[in-house]
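Below is one structure, written out as structure tokens; the observations come after it.
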Amino acid sequence: MTVYKSELLNVLSSRGFIHQVSEPADLDALAKSQRITAYIGFDCTAPSLHVGSLLPIMMLYWMQQTGHRPIALMGGGTTRVGDPSGKDESRKILTDEMIGQNLVGIKAVFSRFLDFGRATGGAIMANNAEWLNTLNYIDFLRDVGRHFSVNRMLSFDSVKLRLERQHELSFLEFNYMILQAYDFVELHKRFGCVLQMGGSDQWGNIVNGIDLGRRMLNAQLFALTSPLLTTSSGAKMGKTAAGAVWLNADMVSPYDYWQFWRNTEDGDVERFLKLFTVLPLDEIKRLAALQGQELNEAKKVLATEATALVHGRDAAKSAEETARKTFEEGTLAETLPTIEFPRDNLDAGYGVLTAAVRAGFVYSTSEARRQIKGGGLRVNDVAVTDEKLVLTARDLTPEGVIKLSLGKKRHALLKPV
């Protein structure tokens, strides 16, 4: 592992955030000698960010904790185009109203991690719609577009892979890398930003911004990317049978969020503790050394610490206590996620397949059928064997709810209202 002189790069490196750095010696010297400003961009394609966005958010967190100034750049403008990186098909075009609504949901997450009110080194939340939405097309082509070689643009993975697979790449998407490069230049002019960070799939786009900054402003800019995150078994990070693990509580409850981290694979515990908690490295080393059943204690610490960062310490402790009652005491914890549905549905008979989808356990009723065949779906702790089962008032517990479970670790209470 490279030993850096600046606290910023030393912390990012020791916790596993660094994949590539451009001109590392120069960036290290700059970060050691002065406060620098860095940014990461977040497009507004959904009402919430998901766990996959947590790694770059943590990079911004550590930027501020080591005395530097982070910029969370909201992609109000670039979301209108769509980043083709890692995509086989074009993104759905969102209206300005939809982008605005998504922006509100996304902004709420950052206040948990960044201090925007600090007098010195306060974080900045910017929106590239401010400069992209008002661009004059001809002026932009003349002033910015002339610095880009189409030959070179065709060599980038985000473009090349799409073309090799003979998937359509729209002219709109083809321009994304130019807009992202221009963001870097604009943030340098406005805030003195010298570093862009992102996932390793963004390396080419970031390097474009460095090159554009040199050509237009004669500025020295830097790139730092993090490893693309997969689990030790090779699965994509942040996906479950029910879909993405969102950071907003109204899309994934704190309890389900806690459970996601509690279900971490053994081989990922140390890495995730470094990336997704702020625990000291010595404590992480101690937890990672636990073996066998004791490793489950480390997973619980991971779950509670990661949940506390996103949802607050009280919600994290509540989720931990709910899990303890459910799994260790075998009691019905009233703080399990509660799904309300019309009582009329129960009177008519509420299909268990529909209930499983409604609870967020599965994407579809066909997936629910597969879970039933595998013995994974249970009602009030009794395995469901008939996919045509309907839930009625007879299934209500004395607490007036129906407990629905998938596997050993996913539970929800169905409550007629």
Side-chain angles (χ1 to χ4, degrees), residues 2 4-43 49 53-75 78 83 106-107 109-128 130-131 179-214 216-217 219-227 275 278:
T2 304
Y4 294 100
K5 296 178 181 178
S6 67
E7 186 185 7
L8 169 63
L9 293 189
N10 205 24
V11 167
L12 292 179
S13 176
S14 63
R15 300 188 82 98
F17 286 100
I18 296 181
H19 177 67
Q20 286 177 288
V21 187
S22 69
E23 301 178 89
D26 287 355
L27 178 59
D28 192 30
L30 191 66
K32 189 175 190 304
S33 65
Q34 65 185 68
R35 187 187 76 194
I36 66 171
T37 300
Y39 93 95
I40 300 178
F42 300 85
D43 276 346
L49 297 176
S53 301
L54 196 56
L55 191 145
I57 292 173
M58 291 301 298
M59 293 170 76
L60 293 177
Y61 169 85
W62 288 114
M63 273 284 304
Q64 191 166 44
Q65 294 303 307
T66 54
H68 301 282
R69 183 169 64 164
I71 300 175
L73 178 65
M74 301 294 100
T78 42
D83 183 1
I106 289 170
K107 281 182 175 180
V109 173
F110 287 93
S111 60
R112 292 278 188 186
F113 294 87
L114 303 176
D115 181 355
F116 292 94
R118 188 183 300 179
T120 302
I124 296 168
M125 181 166 286
N127 185 344
N128 61 21
E130 289 181 31
W131 52 86
L179 297 177
Q180 183 171 330
Y182 184 67
D183 280 346
F184 202 171
V185 169
E186 193 68 30
L187 289 171
H188 179 73
K189 288 195 294 186
R190 291 176 180 231
F191 305 110
C193 180
V194 297
L195 172 63
Q196 183 183 354
M197 302 187 291
S200 59
D201 62 335
Q202 292 295 315
W203 179 259
N205 287 346
I206 299 174
V207 169
N208 267 333
I210 291 175
D211 187 54
L212 186 63
R214 178 180 57 80
M216 293 185 69
L217 308 174
Q220 184 180 21
L221 305 179
F222 300 93
L224 188 155
T225 61
S226 59
L275 293 172
V278 296

Interatomic distance, T37 atom OG1 to M63 atom CE [nearest 0.5 angstrom]: 6.5 Å

K189 side chain reached by W131 side chain, heavy atoms, under 4.5 Å: no

Audit row: Y4, V11, side-chain contact (heavy atoms from CB on, under 4.5 Å) steps and yes/no: CA-CA 9 Å; Y4 294 100; V11 167; over 6 Å; no

Sub-4.5 Å side-chain heavy-atom contact between P24 and T2: no

Rounded distance [0.5 Å steps], CD1 in I206 versus CD in Q196: 4.0 Å

Side-chain heavy-atom pair L30, L195 within 4.5 angstrom cut-off: no

Residue pair G75 / D43: nearest heavy atoms and the distance that separates them: CA-OD1, 3.6 Å

Worked verdict on N208 versus Q180 for side-chain contact (heavy atoms from CB on, under 4.5 Å): CA-CA 8 Å; N208 267 333; Q180 183 171 330; over 6 Å; no

H188 NE2 to M216 CE distance, which is reported to the nearest 0.5 Å: 11.5 Å

Q202-N205 side chain donor-acceptor pair, cut-off 3.5 Å: yes

Donor-acceptor under 3.5 Å (R15 side chain, W62 main chain): no

Inter-residue atom distance Q65.CD - M58.CE, 0.5 Å rounding: 9.0 Å

Within-4.5 Å side-chain heavy-atom neighbours: D115 and Q64: yes

Within-4.5 Å side-chain heavy-atom neighbours: L60 and F113: no

Test of ring centre spacing under 6.0 Å for F191 and Y39: no

Derivation and outcome, side-chain contact (heavy atoms from CB on, under 4.5 Å), residues E23 and Q220: CA-CA 10 Å; E23 301 178 89; Q220 184 180 21; 3.2 Å; yes

Value rounded to 0.5 Å, distance of CG in L217 from CG in L212: 7.5 Å

Minimum heavy-atom distance I210-S22, with the two atoms named: CD1-OG, 3.7 Å

Step-by-step side-chain contact (heavy atoms from CB on, under 4.5 Å) determination, T66 to L12: CA-CA 10 Å; T66 54; L12 292 179; over 6 Å; no

Pairwise distance CE(M197) to CE(M59) - rounded to 0.5 angstrom: 4.5 Å

R35 backbone acceptor or donor facing H68 side chain under 3.5 Å: no

Check: D28 side chain, S6 main-chain N or O, donor-acceptor pair, under 3.5 Å: yes

Heavy-atom side-chain proximity of L9 to L224 below 4.5 angstrom: yes

Contact summary for G209 and L221, nearest pair of heavy atoms: O-CD1, 3.8 Å

Test item: L55 and F17 side chains (from C-beta on) under 4.5 Å apart, heavy atoms: yes

Shortest non-hydrogen separation from I71 to A126 and the atoms involved: CG2-CB, 4.2 Å

Heavy-atom donor-acceptor pair, T225 side chain to W203 backbone, under 3.5 Å: no

